[in-house]
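These notes are about the structure you will find just below.
Here is the naming used below: chain letters follow the sequence lines, and residue numbers restart at 1 for every chain.
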2 protein chains.
Amino acid sequence: MSSESLKIFAETETCPARNVLDRFGDKWSTLVILVLNEEEKLRFNEIHKVIGDISQKMLTVTLRSLEADGLVSRKVYPEIPPRVEYKLTDLGKSLVPHISSLIKWADQNFSSIMASRSKYNQKAN
Amino acid sequence: MSSESLKIFAETETCPARNVLDRFGDKWSTLVILVLNEEEKLRFNEIHKVIGDISQKMLTVTLRSLEADGLVSRKVYPEIPPRVEYKLTDLGKSLVPHISSLIKWADQNFSSIMASRSKYNQKAN
DNA sequence: TTTGTTACTTACTTTTGGTAAGTCAAAGAT
DNA sequence: ATCTTTGACTTACCAAAAGTAAGTAACAAA
């Protein structure tokens, strides 16, 4: 095994790949980015409605971590009831094409994956 | 809000995007695919060594779900001690470029993200 | 007879995510 | 004057996913 190219994956903190895949490796970040990409800006409850099955709690922590990484910006209007608008930053927008290409692959290969999945599950029973 | 384009994200089972993102949304699948892509075939313990911080348990469940989806093939040699070889299928290989483009983005924007992240954490204290 | 080998399981703990209720402050309804 | 509504969250509690460490199988070598 030629280990030179492989060992780079071993250390999480210093490895950009591991770092970004860890963000993808949470349940909601990529989806929130895609949703934000559909509109110029969206309010908290609008995102919540679109995704449907995300909890308020997870939507807040996801938006917060995306904000921390500089992918999403958050603008609070000091009104009552409160109004908060979220939008992708330029950095966030620059990520979108890469996620989209993934989605495109998913669309193209969805039936193939599903077929394989149900075949595999049959064998298990 | 123009909801036509947005509502597609709402249903997990029928939405290819949701389906593939859910697979990405586990902690290890993408990383295992990248590792397998570096070599023609790899044995269980070889993958385990390369990734380093994955548990045996999670490596088995990750490989099983990738196998179920038809992204990875598993070949068992009936020997003792056992030998099992894993490799990407054609479908698995076809996914690699899309993950790679993500990794490339991560490499290019890593410092920017890290800077934003530490800035954000400072404000919190 | 004990040890080593490889690819796993299993039981148990910790972390992550989900659920439902509560908070805040003011405007509008009763 | 009190009661309800509104939007963006928190908080307390519960469930699911992932991590840890030990065990298993089957045989060959020491």
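Scanning for salt bridge (Lys or Arg N to Asp or Glu O under 4.0 Å) contacts around A:Lys87 gives A:Glu40, with sequence neighbours left out. Contacts of B:Ala17 classified as side-chain contact (heavy atoms from CB on, under 4.5 Å), with partners at least two apart in sequence or in another chain: A:Ile103, B:Phe9, B:Cys15. The side-chain contact (heavy atoms from CB on, under 4.5 Å) test applied to B:Ser112 returns A:Leu91, not counting sequence neighbours. The side-chain contact (heavy atoms from CB on, under 4.5 Å) check on B:Glu85 picks up B:Lys41, B:Arg43, B:Tyr77, B:Arg83, with sequence neighbours excluded. Legend: residues meeting side-chain contact (heavy atoms from CB on, under 4.5 Å) with A:Lys104, ordered by chain and number and at least two apart, are A:Gln108. For A:Asn109, the side chain to side chain donor-acceptor pair (under 3.5 Å) test picks out A:Trp105, with sequence neighbours left out.
At its two ends the helix from C:dT1-D:dA30 to C:dT30-D:dA1 runs along axes set 30° apart, each axis drawn from five pairs and the angle rounded to 10°.
The separation between A:Glu79 atom CD and D:dA8 atom P is 10 Å, rounded to whole Å.
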Would you be so kind as to tabulate the donor-acceptor pairs closer than 3.5 Å made by side chains of residues 28-35 of chain B, with sequence neighbours excluded?
unit_1  : atom_1 : unit_2  : atom_2 : d
B:Ser29 : OG     : B:Asp26 : OD1    : 2.9
B:Ser29 : OG     : B:Asp26 : OD2    : 2.6

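Atom NE2 of residue B:His48 and atom OG1 of residue B:Thr60 lie 10.0 Å apart, to the nearest 0.5 angstrom.
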(request) Mark up nucleotides 1-18 of chain C, 5' to 3', with B wherever a protein heavy atom is under 4.0 angstrom from a base atom, S wherever such an atom reaches only the sugar-phosphate, and - elsewhere. (result) ----BBSBB-------BB

